Amino acid sequence: MTTLQNDRFLRALLRQPVDRTPVWLMRQAGRYLPEYRATRAKAGNFLNLCKNPDLACEVTIQPLDRYPLDAAILFSDILTIPDAMGLGLYFAEGEGPNFERPIRRAADVKALGVPDPHDELKYVVDAVSTIRKALNGRVPLIGFSGSPWTLATYMVEGKGTKQFALSKGMMYEQPAVMHELLDKIAQSVTSYLNAQIAAGAQAVMLFDTWGGVLSPKHYREFSLAYMQKVIAGLTREADGRIVPVIMFTKDGCAWLEDMSEIGCDAIGLDWTCDMQSARARLQDKVALQGNLDPCVLYGQPDVIESEVAAVLESFGQVTEGAGHVFNLGHGIHPQIDPEHTKAMIEAVHRLSPAYHSA
């Protein structure tokens with residue numbers, strides 16, 4: 001077992017003392033980095049890049065070679081599970097992800113199988129083990145999946161959407177069919193994340209990108225309940241350490257108390273949720289991750305530093321039993337200047353020790 005040289009991120013998730021606030025970025029390996037664009041061009045397209053473990057490892061490591069980050073996150077896509085279920089994922093130029101065979105009827109759901117992560121998703125498992133070996137204990141590796149509800153929206157709509165007419169329509173008109181679909185996806189997500197943990201992921205994250213489009217009642221029934229099923233089925237210890245679980249519902253600030261009850265170790269916050277208020281509501285029951293507005297990185301370094309300071313001040317002193325991981329409130333934008341990202345990370349390093357007694 002390789003000794004972990006920097007476990008600051010894992011300790012913060014478990015609300016243990018650290019010397020400064022750890023920092024990583026959602027989509028930290030991505031189009032804002034010229035080295036990523038070069039590797040993607042070598043791969044030919046995005047899916048080829050995701051399905052090549054060596055190239056996925058290369059782009060996962062790239063931001064760590066550029067910045068002193070406290071965690072690496074597996075380079076992949078949340079739609080790998082629907083693709084493995086046979087829906088025919090493809091990316092149309094200028095349109096984003098599309099599925100050739102979307103789920104529209106009860107018969108479509110019944111025909112779905114739960115993919116074997118060591119077969120249909122072997123390329124992801126291989127990428128995790130390749131990345132973990134390449135990191136050699138440098139920082140922890142985060143595995144991830146989309147949440148059942150978020151994956152269901154893409155599977156039913158057949159692509160990204162802003163209205164969710166088909167997926168919410170199924171939820172209202174055929175709730176039993178939607179529940180059957182969500183149950184199959186939850187089984188798939190659980191086995192997928194467990195395979196990532198077995199291959200070397202040291203923390204995992206559930207991305208509930210579209211949970212925030214639901215009403216409170218339907219969020220609890222169709223999104224939160226299935227994330228709870230996933231978390232209940234996860235392997236929670238590997239290599240002699242606890243494997244922390246982060247859950248993130250975009251636009252989910254109204255339901256923080258409910259989120260904190262389902263067994264996760266940390267909750268990610270988007271920038272619309274006040275950090276100070278969130279911490280007061282949850283009373284340090286879980287760690288918090290976030291929550292700088294990604295658009296702050298369009299600003300100059302002095303503006304970035306000021307906004308970083310505001311997030312740190314909003315969380316406040318990281319007292320015993322509390323945990324804060326600095327992150328953006330959503331993924332970094334492709335147009336961001338990498339030097340602005342560097343300014344943000346340097347500001348976290350410079351300013352956050354004052355909030356820690358360790």
Side-chain angles (χ1 to χ4, degrees), residues 8-9 12-13 18-33 36 63-64 66-73 139-140 142 144 203 205-209 211-212 246-254 256 259 266-282 284 286-318 322-356:
R8 191 179 283 116
F9 166 72
L13 291 179
V18 291
D19 57 340
R20 63 165 174 79
T21 305
V23 55
W24 71 279
L25 307 177
M26 289 186 273
R27 295 191 191 139
Q28 65 189 23
R31 288 176 290 169
Y32 75 107
L33 293 177
Y36 167 86
L64 299 173
R66 184 182 274 264
Y67 308 120
L69 294 157
D70 292 295
I73 183 166
V139 294
I142 307 166
F144 73 91
M205 184 163 172
L206 277 169
F207 285 90
D208 187 33
T209 310
I246 310 164
M247 62 168 293
F248 171 68
T249 295
K250 188 173 181 291
D251 297 320
C253 194
L256 295 179
M259 293 182 209
I267 294 174
L269 305 179
D270 68 31
W271 65 95
T272 67
C273 191
D274 181 74
M275 181 74 76
Q276 183 178 35
S277 173
R279 186 180 181 190
R281 286 164 59 187
L282 297 178
D284 293 329
V286 294
L288 296 178
Q289 178 176 278
N291 64 337
L292 189 73
D293 183 346
C295 289
V296 166
L297 297 181
Y298 290 114
Q300 293 303 307
D302 60 331
V303 173
I304 294 169
E305 178 164 337
S306 175
E307 294 296 329
V308 166
V311 171
L312 293 170
E313 183 178 1
S314 184
F315 187 91
Q317 288 296 316
V318 186
H324 180 208
V325 172
F326 196 96
N327 207 317
L328 301 177
H330 202 238
I332 189 168
H333 295 183
Q335 302 85 3
I336 293 300
D337 182 342
E339 287 301 305
H340 288 198
T341 306
K342 179 182 177 183
M344 185 206 75
I345 295 165
E346 289 179 345
V348 175
H349 286 184
R350 185 166 55 254
L351 300 175
S352 69
Y355 293 92
H356 297 265

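Just so we're clear, the structure is a prediction, and the values are computed from it rather than from any experiment.
A donor-acceptor pair under 3.5 Å links the side-chain atoms of Q317 to the main chain of A354, judged by distance alone. A donor-acceptor distance shorter than 3.5 angstrom exists from the side chain of N291 to the backbone of C273, with no hydrogens or angles considered. Side chain of H324 to main chain of L13: no donor-acceptor pair is present (N/O by atom type, distance under 3.5 Å, no hydrogens or angles). Checking side-chain atoms of D208 against main-chain N and O of M247 turns up no donor-acceptor pair under 3.5 Å.
Within the 4.5 Å cutoff, no side-chain heavy atoms of I246 are placed close to those of V325. At least one side-chain heavy atom of P338 sits under 4.5 Å from a side-chain heavy atom of L33. Taking the side chain as every heavy atom from C-beta outward, E307 and L292 approach each other to under 4.5 Å. Using a 4.5 Å cut-off on side-chain heavy atoms (C-beta onward), Q28 and I332 make no contact. Counting heavy atoms from C-beta on, the side chains of T341 and I336 come closer than 4.5 Å. Contact annotation: the side chain of P294 approaches that of W271 to within less than 4.5 Å [non-hydrogen atoms, C-beta and beyond]. With contacts defined as side-chain heavy-atom distances shorter than 4.5 Å, the pair D270/F248 qualifies.
Taking each heavy atom of M26 and G329 in turn, the nearest pair found is CE-C, 3.8 Å. Taking all atoms of both residues into account, the shortest heavy-atom contact from A12 to A287 is O-CB, 3.5 Å. Looking at every heavy atom in both residues, L69 comes nearest to V139 through O-CG1, 3.5 Å. In this structure, D274 and S314 approach most closely via the heavy-atom pair OD1-OG, 4.0 Å. Across F315 and G323, no two heavy atoms sit closer than the pair CZ-O, 3.5 Å. In terms of heavy atoms, A278 sits closest to L269 at CB-CD1, 3.8 Å.
Atoms NE2 and CD, on H340 and Q335 in that order, are 13.5 Å from each other to the nearest 0.5 Å. Taken from CG in L312 to CG in L351, the straight-line distance is 6.5 Å, to the nearest 0.5 Å. Note that CD1 of I304 and CD of E339 are 10.5 Å apart. Values are rounded to the nearest 0.5 Å. Remark: N327 CG to T21 OG1 distance equals 12.0 Å, nearest 0.5 Å. In this structure, the separation between CE on M205 and CD1 on I142 is 8.0 Å, given to the nearest 0.5 Å. One distance of note links CG of L288 with CZ of F326; it measures 13.0 Å at 0.5 Å rounding.
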As a quick check of understanding, evaluate side chain to side chain contact (heavy atoms under 4.5 Å, CB included) for H330 and T209, giving each step before the final call. CA-CA 9 Å; H330 202 238; T209 310; 4.1 Å; yes

Please evaluate residues V23 and M344 with respect to the criterion side chain to side chain contact (heavy atoms under 4.5 Å, CB included), reporting the C-alpha separation (whole Å), side-chain torsions for both, the decisive distance (0.1 Å), and the verdict. CA-CA 10 Å; V23 55; M344 185 206 75; 4.0 Å; yes

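Comment: R20 engages D70 in a salt bridge, judged by a side-chain N to carboxylate O separation of less than 4.0 angstrom.
The aromatic rings of W24 and F9 sit perpendicular, their planes meeting at an angle over 60°, well past the 30° parallel limit.
The local environment of CZ in R66 is crowded, with over 12 non-hydrogen atoms from other residues, nucleotides or ligands closer than 6.0 Å. For E313, the CD atom counts as loosely surrounded, since its 6.0 Å shell holds 12 or fewer non-hydrogen atoms of other residues, nucleotides or ligands.
Remark: Y32 pairs with no residue by the ring pair (Phe, Tyr, Trp, His ring centres under 6.0 Å) rule, at least two apart or across chains.
Inspection of the H333 and Y298 side chains reveals an N or O donor paired with an N or O acceptor under 3.5 Å.
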